[in-house]
2 protein chains.
Amino acid sequence: MRKTSIKDVAKKADVSIAAVSQILNNKGQRFSKHTIEKVLQVRDDLGYVPNSAARNLKGTHNRLIGIIVPSFRMPFFADIIQSMQDNAPTDVNLVFLGSTDDNLQNAIYSLVERGAQALIFGKPIPNRAEVNEFLKKRHIPYLVLDQNADINAQDMVQTNEFTGGSLVASHLLSLGHRKIALILPNKLTDNMRQRRAGFLDTLSTANLSPTTIITATLSKHGGLASVHQLIQSKSTAAFVLNDEMAIGVLRGLAYQNINVPADMSIVGYDDTDYAEFMIPTLTTVMQPVLEIGKAALNMILRRLDHPNLPFQTAFFDVKLIVRESTGPVK
Amino acid sequence: MRKTSIKDVAKKADVSIAAVSQILNNKGQRFSKHTIEKVLQVRDDLGYVPNSAARNLKGTHNRLIGIIVPSFRMPFFADIIQSMQDNAPTDVNLVFLGSTDDNLQNAIYSLVERGAQALIFGKPIPNRAEVNEFLKKRHIPYLVLDQNADINAQDMVQTNEFTGGSLVASHLLSLGHRKIALILPNKLTDNMRQRRAGFLDTLSTANLSPTTIITATLSKHGGLASVHQLIQSKSTAAFVLNDEMAIGVLRGLAYQNINVPADMSIVGYDDTDYAEFMIPTLTTVMQPVLEIGKAALNMILRRLDHPNLPFQTAFFDVKLIVRESTGPVK
C-alpha cells in the first residue's frame with residue numbers, strides 16, 4: 001500500500017502543494033475558510049499523515065516536549081504533569097514518560113528520535129555528562145525540575161528546600177518539642193538533601209539533633225514500616241521527608257493507638273492533594289506545584305524560541321501549612 | 001547544518017550501510033561485539049538520529065504505543081500506567097498523554113503523526129465514529145480500557161462492574177443496613193453505569209432503593225461537598241462510586257464528628273493504594289489494576305503482530321475488600 005502523499009492531497013483538493021502545506025501547518029490565514037475546510041477534509045478522507053521528521057527539519061511542526069518523571073504514582077509529579085497539560089499552548093504537544101534509572105537513556109533517545117525538541121526532567125539523571133553530551137550534540141535543550149545539582153542543564157526550576165526544612169524545625173521547636181525524629185527515604189535526591197540540611201541546621205540552633213534518623217522506602221508502606229522504630233525512640237514529634245511516607249506513618253500510629261497530635265506530632269512535605277484529607281489533616285510544607293509546572297513549561301518554550309538566551313532559573317518559595325497533625329508537646 | 005546520515009555513520013565506522021542499519025535495529029547478531037560497539041560509538045559521536053518515519057514504513061522501528069488517559073491525578077490511572085511501564089518489552093516505547101475531551105482528536109492525531117502504531121484509550125472517546133474512521137484508515141489498532149460500550153474497538157479489557165456494584169449492596173444489606181445512600185460523580189462513564197446498575201439491582205431484591213442519590217464532582221473535594229446532604233438523609237450507610245470521592249466523604253464525616261463505621265458505614269470502589277491507609281481503612285471493591293494494565297499492553301502488542309486476529313477481550317473479576325469503614329447497623 002503506497003503511503004498517501006501531500007501531492008495526493010493537493011490534487012484531490014485542487015490546490016497547490018504549497019497551499020496544503022501552509023494550511024496543515026496552521027499558516028493558511030490567507031486562504032478562504034472554504035479552501036481550508038476542503039483541504040482538511042481531503043486530508044482526513046485520504047488519511048494523510050505528514051512525514052514527521054521532514055517537517056521537524058523545516059521547523060514547521062507543532063512543538064513536541066518530552067517530560068520524564070520517576071513515577072506516575074507520586075502525587076507530586078501527577079500534579080506537575082497536570083499543570084503542564086492544562087497550560088500547554090495548542091501548538092505544543094506534551095508526552096510523558098515514566099522511567100527507571102536503567103532505561104532512562106533509552107527513553108531519552110526514543111523521545112528525541114520521535115521529534116522531541118526539548119526535554120524536561122523530573123528526576124535525577126544518572127550519567128549526567130553522557131546525557132548532556134548526547135542532547136547538546138542534537139541541539140535539544142533540557143530543563144531540570146526540582147533538582148539543585150545539575151550544572152549542565154541550561155534551565156532550572158527550583159524551590160527553596162533549605163528554608164522548607166528549616167520551617168519544619170522552627171514549627172516543632174515553637175510547640176515545645178525537643179525529642180524530634182527524622183524519617184527519610186532511603187534514596188535522597190539533591191533537593192531532599194537540602195531539605196534535610198535546613199531541618200538539621202535549625203535544630204542545631206537549639207543545640208538539638210534528631211532523637212533518631214529512620215530510613216525507609218519512599219512510599220506509604222515505607223512510612224508505615226518506620227513506625228515501630230519511631231515509637232521506640234520516645235520522640236514527641238517527627239519530620240517525615242514527604243507526604244506519601246507521612247500518610248503511612250499516620251496510619252501506623254493509629255494502629256498502635258497513638259494519638260496524633262496529642263501523643264505525637266507529625267509533619268510531612270509537599271502538600272499533595274491528600275494532605276488536607278487525612279484524619280488528622282497533615283501539617284506539611286507546600287511547594288507551589290502548579291506554578292512549578294507552568295514555569296518549567298514556559299521556560300523551555302522560551303528556550304526553543306531563543307536558543308541563545310542566558311541560563312534561566314526560577315526559584316520558588318515554600319510555605320508551612322499548619323494543620324491538625326501537629327500540636328504542643330505534652 | 002546538514003543532518004547526519006546513515007552514510008556518515010557507515011563511512012566513519014568503516015562498515016557498510018546495511019551493517020549500520022542492522023546493528024542499530026538490534027538485528028546485528030552476526031557482527032562481532034567490536035563492530036557493534038564501534039557503530040554505536042560512531043552513532044553517538046556524530047549524533048545520528050534515524051529518520052523515524054522512514055523506519056516506521058520498513059517496520060524495523062521500536063514499536064511506539066500511545067496511551068491516552070483522562071487525568072494523571074487519578075490513582076486508578078496512575079496505577080495502570082505504572083503497570084504498563086513496568087511490563088513493557090524493551091523494544092516497545094510507551095508514551096502517555098493526558099487529554100480533555102476538547103483536544104482528544106488533536107492528541108490522537110499528534111500521536112499517530114509521531115509514529116504511534118497502536119493506541120490505548122483510558123477514557124471515553126467522544127466522536128467515536130470519526131475517531132474510529134481516522135484510525136482505521138491509517139491501520140492503527142486501538143484498545144479501550146475500562147469501558148463497556150465502544151463497539152468499534154478491536155480489543156477490549158473489561159472488569160465485571162455489575163458484579164462489583166452488586167457485591168457492595170450485598171455487603172451493606174448483610175450488615176443490616178436498610179437506609180443506604182448512593183453518591184455518584186456527576187459525569188458517569190459506561191462502566192460506572194454498570195456499577196450503579198449492579199448496586200441498584202441487588203438493593204431491589206430486598207425491595208429497597210437508595211434513601212438519597214447525591215451527585216458531585218469526581219474528586220475528594222466532591223466527596224467532601226456531598227457530606228451535608230448525606231447526613232440530612234438519615235442514612236446509616238453510603239456507597240460512594242469511587243475511592244477518591246469516598247476519601248472526601250470520610251474526611252467530611254470526621255469534621256461533623258460522625259464516627260465511621262459506628263454511626264455510618266462507607267464503601268468506595270477501586271481499591272486505590274490510599275484505601276488501606278485511610279483512618280479508618282476503606283472498604284472498597286478491588287479491580288485488579290496491575291493485571292488490567294498488563295493485559296491491555298499484551299493484547300495490543302499481539303494485535304500489532306497479528307492484525308487479523310479476531311476481536312480480543314479480557315474480562316476481569318472484582319473483589320470486595322472489607323476493611324474498617326463498614327460495620328453493623330446500630
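Residue numbering restarts at 1 for every chain, and letters A, B, ... go by the order of the sequence lines.
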**OP:** Measure the acute angle between the ring planes of Y274(A) and Y274(B), then classify it against the limits of 30° and 60° as parallel, tilted or perpendicular.
**Re:** parallel
Original post:
Any idea how Y142(A) and F121(A) line up, ring-wise: parallel (<30°), tilted (30 to 60°), or perpendicular (>60°)?
Top reply: perpendicular
Subject >> Under 4.5 Å from any heavy atom of chain A - which part of E276(B) >> reply: both
Original post:
Okay, side chain of N242(A), backbone of E244(A): is any donor-acceptor separation there less than 3.5 Å?
Top reply: yes
Original post:
What part of M278(A) gets closer than 4.5 Å to chain B, counting heavy atoms only: side chain, backbone, both or neither?
Top reply: both
Subject >> Engaged part of L224(A) at the chain B interface, taking heavy atoms whose separation is under 4.5 Å >> reply: side chain
Subject >> Side chain, backbone, both or neither of T281(B) within contact of chain A (heavy atoms, under 4.5 Å) >> reply: both
Subject >> Donor-acceptor contact present, side-chain T326(A) to main-chain S265(A), <3.5 Å >> reply: no
**OP:** Under 4.5 Å, counting heavy-atom pairs only, tell me which of V95(A), L94(A), L111(A), L97(A) racks up the most with chain B.
**Re:** V95(A)
Original post:
So what's closer than 4.5 Å to chain B heavy atoms on S71(A): side chain, backbone, both or neither?
Top reply: both
Original post:
Out of I67(B), D79(B), I247(B), which one racks up the most heavy-atom pairs below 4.5 Å with chain A?
Top reply: D79(B)
Original post:
Should I65(B) and L301(B) count as side-chain neighbours, where that means a heavy-atom distance under 4.5 Å?
Top reply: yes
Original post:
Quick one: does I6(B)'s side chain get under 4.5 Å of S21(B)'s, heavy atoms only?
Top reply: yes
Subject >> Y255(A) versus chain B, the contacting section by heavy-atom distance below 4.5 Å >> reply: side chain
**OP:** Using distance alone, with no hydrogens and no angle criterion, decide if Q287(B) and D271(B) have a side-chain donor and acceptor under 3.5 Å apart.
**Re:** no
Subject >> Between K220(A), E133(A), Q82(A), M74(A), the one whose heavy-atom pairs under 4.5 Å with chain B are most numerous >> reply: K220(A)
